[in-house]
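First listed ligand is number 1; within each ligand, the first listed atom is number 1. Only heavy atoms go into these numbers, but all of them, side chains included; no hydrogens, no water, no symmetry mates.
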Amino acid sequence: MSDPQNQSPPDAGRGQQMWGGRFAAKPSDVMQAINASIDVDKRLWRQDIDGSKAHAAMLAAQGILTAEDEAAIQAGLDAIAAEIEAGAFPFTRELEDIHLNIEARLTERIGEAGKRLHTARSRNDQVATDFKMWVIQALVEAEDAVRALQRALVEQAGAHADWVMPGFTHLQTAQPITLGHHLLAYVEMLERDWMRIAAACGHAGASGCPLGAAALAGTSYPIDRQFTAEALGFAEPMANSLDAVASRDFALEALAALAISAAHLSRLAEEIVLWTSPQFGFARLSDQWSTGSSIMPQKRNPDAAELIRAKAARIAANLNALLGVVKALPLAYAKDLQDDKALTFEAFDAFALCLAAMQGMIETITFDRAALRAAATKGYSTATDLADWLVQALNMPFREAHHVTGAVVKRAETLGIAELSALPLAEFQTIELRITAEAVARLSVEQSVASRASAGGTAPVRVRAEVERWREVLAEADADEEFE
Ligand code: ARG
């Protein structure tokens, strides 16, 4: 590819003054295109400014910077923050990334003192610090969003504690369950997701602050890394400078937590897609959360649920891609690591969107009680209840009870009776004389779910107790948050 840029005369533009001392020619356009990360990492601006402010304060406290220079730097960085917030900052790709953009702007604004800010640090420790702080903050926000979805699910579970629906295995009708119980299953999954997200956040913080590792080996200046670590919300600095600039396991762990949670969301999303189809007819999404078809006027499509299914794949893929970036990368920093941010930001954005959309759908979804109940009675879903009665009332071995029940199901099928509780007692007794009217009464789907009151079971009494427990847990979580 011909590259006129390469032939152009040396140009000490804003881009070149940062590291261009030994270069005679500008980078090629394509070099700049592959190298520049500003379009992605401008999202780190707040962390970058906070990191620089802490670094400058430390340099001054250690006598490495004069008080006047430090004051100019602090004021300049604050002015730049205001400029970025106002959307007035002149971001440029020539300056590669957020670090050089801000530093160059600082020098433009305050002159000489701006050029002293980069003393005793490198972009390597700078970016590792900025990025870790960003991930920690994003994880805190993800925790809250998970909680919000849990709350929505718990309220729907409470409102449908005794609504009977089919429980499935192999997507075949298995046994009747309650809708509240089904929804609470996701509350449990989300609780473990929350724990993983909180753990990733905790580990990222506890692993310490990279700042002060400099390029890879530390620095000859008398810096105070404890000072900067604490100023940036860490308990301590990272102990090894190579580890500090080269490691991204905090981001990997975060993406792993997100990918697992997104997989859970995709299962609920898939169920919403099934439940709202005319074939199931179990549920209806509100107008706000349905889309129409441009050609078929009757359609109500669950697009948000479908997109959650798709985005779960993307989040998992980004985890995989970041593992690929880190895998076999020799110590310490290499530019491969710059790609960590696009992968991580995209995963967090997708995850936030998935949680918000799921919360919106769950808050406003409505269920069809009659359709759920009718489906629950299909497929002789209470056959296990008859087998259990034979065991409990007649002391029949379970294997034999299973066999007898199979014969009863066959009889009902032959007679064209779709529900065991509708089969006349006499028909049961042609197969097993000792079956009583009381046994048959237990075969309604309501009796069936009520009987499953074992710990963790689907009985409405259990569901109501669990809803109460979850309300308390989530209220406490709320209170903790306010306390923090
Ligand atoms: N933009 C870079 C990144 O995100 C900053 C670090 C650059 N360091 C370097 N040695 N080129 O990774």
Q: Taking the six-membered ring for Trp and the single ring otherwise, decide whether the centroids of Trp134 and Phe348 are under 6.0 Å apart.
A: yes

Q: Taking only residues two or more places apart in sequence or in another chain, which ones pass side-chain hydrogen bond (donor to acceptor under 3.5 Å, both in side chains) with Asn35?
A: Glu96, Lys335

Q: For the side chain of Ser241 and the backbone of Leu216, is there at least one donor-acceptor N/O pair under 3.5 Å apart?
A: yes

Q: Go through the steps to decide whether His203 and Phe250 satisfy the test ring-ring contact (aromatic ring centres under 6.0 Å, His included), and finish with yes or no.
A: CA-CA 7 Å; His203 294 162; Phe250 63 88; over 10 Å; no

Q: List for me each residue that meets salt bridge (Lys or Arg N to Asp or Glu O under 4.0 Å) alongside Glu306, sequence neighbours excluded, and say none if there are none.
A: none

Q: What residues form a side-chain hydrogen bond (donor to acceptor under 3.5 Å, both in side chains) with Lys341, not counting sequence neighbours?
A: none

Q: If you look at each N/O of ligand 1, which protein N/O atoms lie under 3.5 Å away, and at what distance?
A:
unit_1	atom_1	unit_2	atom_2	d
ligand 1	1 (N)	Asp97	OD2	2.8
ligand 1	1 (N)	Gln338	OE1	2.7
ligand 1	4 (O)	Lys341	NZ	2.7
ligand 1	8 (N)	Asn124	OD1	2.8
ligand 1	10 (N)	Asn124	OD1	3.0
ligand 1	12 (O)	Tyr333	OH	2.4

